[in-house]
Amino acid sequence: MSNETKTPDKFTIINELARRRGFFWQSYEIYGGVSGFVTYGFLGAKLKQNIEKKLRELFVNKLGILEIESPVISPSKVFKASGHVDHFKEPMVECSKCKKRFRADHLLQEFAKINEAETEKLSLKELKEAIEKHKIRCPECGGTFGEPKYFLTMFKTTIGPYSEAVGYGRPEAAQGIFVEFRRLYEMAREKLPFGVMQIGHALRNEISPRQGLIRLREFTIIDLEFFFDPEEPNCFLLKDFENETLRLVLAESKLRGSEEIVEVTVKEALEKSYIKAEWQAVFMALAKKLLVDLGVPAEKQRFIEKLPWERAHYALQSFDQEVYVERWGWVEVSGHAYRTDYDLKQHMQFSGADMRVFKEYEKPVETEQTVIKPLMAKLGPVFKEEAAKVAEMLSEADAEEVEASIKKSGYYMLGKYKILPEYIEVMCQKVKERGKRFIPHVVEPSFGSDRMVQFALEYAYRVKDDRAILSFPRDIAPIQIGVYPLMNKNGLSEKALQVYKMLLNEGFTVEYDEAGSIGRRYARADEVGIPLGITVDYETLNDTTVTIRDRDTWKQVRSRIEDLPKLLHEYFHWKADFEDLGKPFEG
RNA sequence: GCGGUCGUAGUCUAGCUUGGCUAGGACUUCGGCCUCCCACGCCGACGACCCGGGUUCAAAUCCCGGCGACCGCACCA
């Protein structure tokens, strides 16, 4: 604990509030705590669920997205194929004198002026040699460096009792979707475009995670893989979103050293090809809307384009959606990557499974093709045991090239084999193609669930009369309604409990509180962001009306108990405002 | 992982220099009183020296190690 009398910043206050009221806290506290792991209390868990629900409402239903759940542990092959084993690591060297660690490639870039594209290709051995060749010493103390070593940011484990069966904890949920592509495509009734989403835990062994919910070693990721035909890249929802504005920081600005924000409509962004894929632009517009719905104003959001060397290995173009927070400035909340056919192609290559889809032409295309037919009766006697091999090579050879060569010089050199005209028959074959096979392209919006929780808290937090209030949008508040007897006697609590039970049966998330003064209970409720408070007072006993209190304005209205279910359902579905809930009441 | 600062109830903190503690206070929480609508007041209760080792008759206090936090460096495909 520091002695400084600095006033704590918003992040500190929110994390303290979160811990005190049970939104979330660092896990394993009784053993001293481990950074990068967090436990959500029931308020936090509920808030997170509500945020995820909100995302589902926006992304899943309208687009017919299929939601799945796949394992966290995968066999090593999956992440070898995906490229993570190769890319999800950093070469580090340690100074033998002061023990400081540096990125080996960064040292070469800085002190030997070797560019990034080249340092990336170097092996550990080559890195070591390059460091020695350029006589690079520790920039801190001038000491020499030890052997370069990779730091792998994936969690590694073994599957079953055999240590050679290496498994990895997934650093993203996307691969769980790609590896199941064939089955999922079938479930999507073999039609493009379609999307698959999953919400689940992911693991990254961060070197030093210390920013609360912003950087965790185990976190909840939401990956949505949207598959489409690159020849039909049009988005059928574009009309609905083309006039939405996006605030972009383009790579070209960043190259000029500027973080200038250009504000354009979705339509303009596509016309000026700031964004390459229509679907990606629409997902970005949806992502912006999601964060607005979570309470983050549009002007506190931006999309920043990644420079080529900043991009993940799979991405052709990618934008990070960032939210401005007081403590750290702009922080990523979602990534929007155009992954092309990279992942499916890799898995196709590594697994041998065919990841292509079949697309039928409107009319079958008939083409005439020149085909070489090897005549085994001739090849056999000439090439003996090599005849089969020659025949195979022939059928794979370019027929037109063979034909041309024979016409020109009377023979064709197939590698070291001399092919004479009589060995083959050149035929003209009519081929009817009904369609073609191709690997779909993918755009991926990917959200950090925990960060959305953090940002929802940050933007919900305000102070009124020295009291903390979490002004969550009403549909993500963990608790919807508080029910309070004005006093704890004369039958008020019995009546309040009736109201409480009635609202529970109506499906609301309700809390009953009779402890302490009414003002204290309102304050407690404000602090966890309960939008409405219902108070049973002496008038209730006469005319069965109660007061309803608004968290944000502290205003109150009066309504009949029997009208509550209808009014409240409307309120929480944004079909009614607070003023519509009853007659104004002065306490 | 390195360097600096630091670790006392749910929270904020006093005590540490110079060892003597039955560890003090405030807020919160819980129980009670008060016709009580914005953390009112009054009575009462629960609750802590980060962990381990050492020095000592005696350790919250001194020493060593570990763990954790904050800030900076590095890292964040």
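Below, read A as the first sequence line, B as the second, and so on, with proteins coming before strands; counting in each chain starts at 1.
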Taking the C1' atom in each of B/C21 and B/A14, what is the distance between them to the nearest angstrom?
13 Å
Phosphate contact (B/C34 OP1 or OP2) by A/Lys489 side-chain N/O below 4.0 Å:
yes
Nucleotide forming a Watson-Crick or wobble pair with B/C62, both distances under 3.5 Å:
B/G54
Hey, does A/Arg215 reach any base, or is it just sugar-phosphate, or nothing, if we go heavy atoms under 4.0 Å?
base
Name the pairing partner of B/A23, where a pair is Watson-Crick or G-U wobble with both distances under 3.5 Å, or state none.
none
Using atom C1' in both nucleotides, what's the gap between B/U17 and B/C62 to the nearest angstrom?
11 Å
Given the C1' atoms of B/C51 and B/G4, what is the spacing between them in whole Å?
23 Å
Using a heavy-atom cut-off of 4.0 Å across all strands, would you classify A/Asp466 as base, sugar-phosphate, or nothing?
nothing
What interatomic distance, in whole Å, is found between P of B/A26 and the corresponding atom of B/G41?
12 Å
Return whichever of A/Asp513 or A/Phe585 has its heavy-atom-nearest nucleotide of RNA chain B closer to the 5' end.
A/Asp513
pair_partner(B/C33), Watson-Crick or wobble, both distances < 3.5 Å, evaluates to B/G41
Please report the distance, rounded to the nearest Å, between CG in A/Leu492 and P in B/C36.
12 Å
With a non-hydrogen cut-off below 4.0 angstrom, is A/Gln556 in contact with a base, only sugar-phosphate, or nothing?
base
Listed by chain and number, what are the salt bridge (charged side-chain N to carboxylate O under 4.0 Å, His left out) partners of A/Glu527, not counting sequence neighbours?
A/Arg20, A/Arg21
So if I take every side-chain heavy atom of A/Arg327 and compare against B/C71, B/C38, B/A77, which nucleotide ends up nearest?
B/C71
Can you work out whether A/Ala515 or A/Arg311 has the more 5'-proximal nearest nucleotide on RNA chain B?
A/Ala515
Atom CZ of A/Arg549 to atom C1' of B/A39: distance rounded to whole Å?
11 Å
Re B/U17: Watson-Crick or G-U wobble partner, both distances kept under 3.5 Å, found to be none
Taking only N and O in the side chain of A/Gln26, is any of them less than 4.0 Å away from OP1 or OP2 of B/G68?
no
For atom CZ of A/Phe88 and atom C1' of B/C75, their distance in whole Å:
12 Å
In whole Å, measure the gap between the C1' atoms of B/G66 and B/A23 for me.
25 Å
Just grab all the salt bridge (Lys or Arg N to Asp or Glu O under 4.0 Å) pairs involving residues 508-523 of chain A, residues at least two apart or on different chains.
A/Asp513-A/Arg524
Determine the interplanar angle of the A/Tyr512 and A/Tyr500 rings, folded into 0 to 90°, and report it as parallel if under 30°, tilted if 30 to 60°, perpendicular if over 60°.
tilted
Parallel, tilted or perpendicular: ring planes of A/Phe181 versus A/Phe227, cut at 30 and 60 degrees:
tilted
In terms of ring plane angle, is the pair A/Phe572 and A/Phe508 parallel, tilted or perpendicular, where the classes change at 30° and 60°?
tilted
Is the distance from OP1 or OP2 of B/A77 to the nearest side-chain N or O of A/Arg204 less than 4.0 Å?
no
Euclidean distance, atom CD of residue A/Glu29 to atom C1' of B/C50 [Å, nearest integer]:
11 Å
If I take atom CG in residue A/Asp550 and atom P in nucleotide B/C37, what distance separates them, rounded to the nearest angstrom?
20 Å
Please report the distance, rounded to the nearest Å, between NE2 in A/His313 and C1' in B/A77.
7 Å
Any side-chain N or O of A/Thr153 below 4.0 angstrom from OP1/OP2 of B/A77?
no
Using the test salt bridge (charged side-chain N to carboxylate O under 4.0 Å, His left out), find all partners of A/Lys501 that sit at least two apart in sequence or belong to another chain.
none
Enumerate donor-acceptor pairs with a distance under 3.5 Å from any side-chain N or O in residues 38-46 of chain A to protein atoms, sequence neighbours excluded.
| from | atom 1 | to | atom 2 | distance (Å) |
| --- | --- | --- | --- | --- |
| A/Thr39 | OG1 | A/Ser27 | OG | 2.8 |
| A/Tyr40 | OH | A/Asp450 | OD1 | 2.7 |
| A/Lys46 | NZ | A/Thr509 | OG1 | 3.3 |

C1' gap between B/A48 and B/C12, integer Å:
13 Å
P-based separation of B/A74 from B/U56 [nearest Å]:
46 Å
Can you check the distance between B/C16 and B/U8, where both ends of the measurement are the C1' atom (answer in whole Å)?
11 Å
Greater than 12 external heavy atoms within 6.0 Å of A/Lys345's NZ
no
Tell me the partner of B/A48, counting only Watson-Crick (N1-N3 plus N6-O4 or O6-N4) or G-U wobble (N1-O2 and O6-N3) with both under 3.5 Å; none if nothing fits.
none
When only distance counts, do a donor and an acceptor, one from the side chain of A/Asp465 and one from the base of B/C38, lie under 3.5 Å apart?
no
Residue matched to B/C67 through Watson-Crick or wobble contacts both under 3.5 angstrom
B/G7
Identify whether NZ of Lys or CZ of Arg in A/Arg549 sits under 6.0 Å from the centre of the six-membered ring of A/Tyr522 and within 45° of that ring's axis.
yes
Counting only side-chain N and O atoms of A/Ser35, is one of them less than 4.0 Å from OP1 or OP2 of B/A69?
yes
Please list residues of residues 518-528 of chain A whose heavy atoms come under 4.0 Å from any atom in RNA chain B, ordered by number; otherwise none.
A/Ile518, A/Gly519, A/Arg520, A/Tyr522, A/Ala523, A/Arg524, A/Glu527
Where the side chain of A/Leu486 is concerned, which of B/C36, B/G10, B/C38 is the nearest nucleotide?
B/C36
More than 12 heavy atoms of other residues, nucleotides or ligands under 6.0 Å from NZ of A/Lys156: is that the case?
no
How many Å lie between CG on A/Leu17 and C1' on B/C12, as a whole number?
15 Å
Each nucleotide N or O in nucleotides 42-48 of chain B that has a protein N or O under 3.5 Å away: list the pair and distance.
none

Rounded off to whole Å, could you give me the CD-to-C1' distance for the A/Glu16 and B/G10 pair?
9 Å
With side-chain hydrogen bond (donor to acceptor under 3.5 Å, both in side chains) as the criterion, how do A/His87 and A/Tyr314 come out once you've worked through the C-alpha distance, each side chain's angles and the decisive distance to 0.1 Å?
CA-CA 10 Å; A/His87 292 93; A/Tyr314 47 69; over 6 Å; no
Can you label the angle between the A/Trp279 ring and the A/Phe226 ring as parallel, tilted or perpendicular, going by 30° and 60°?
tilted
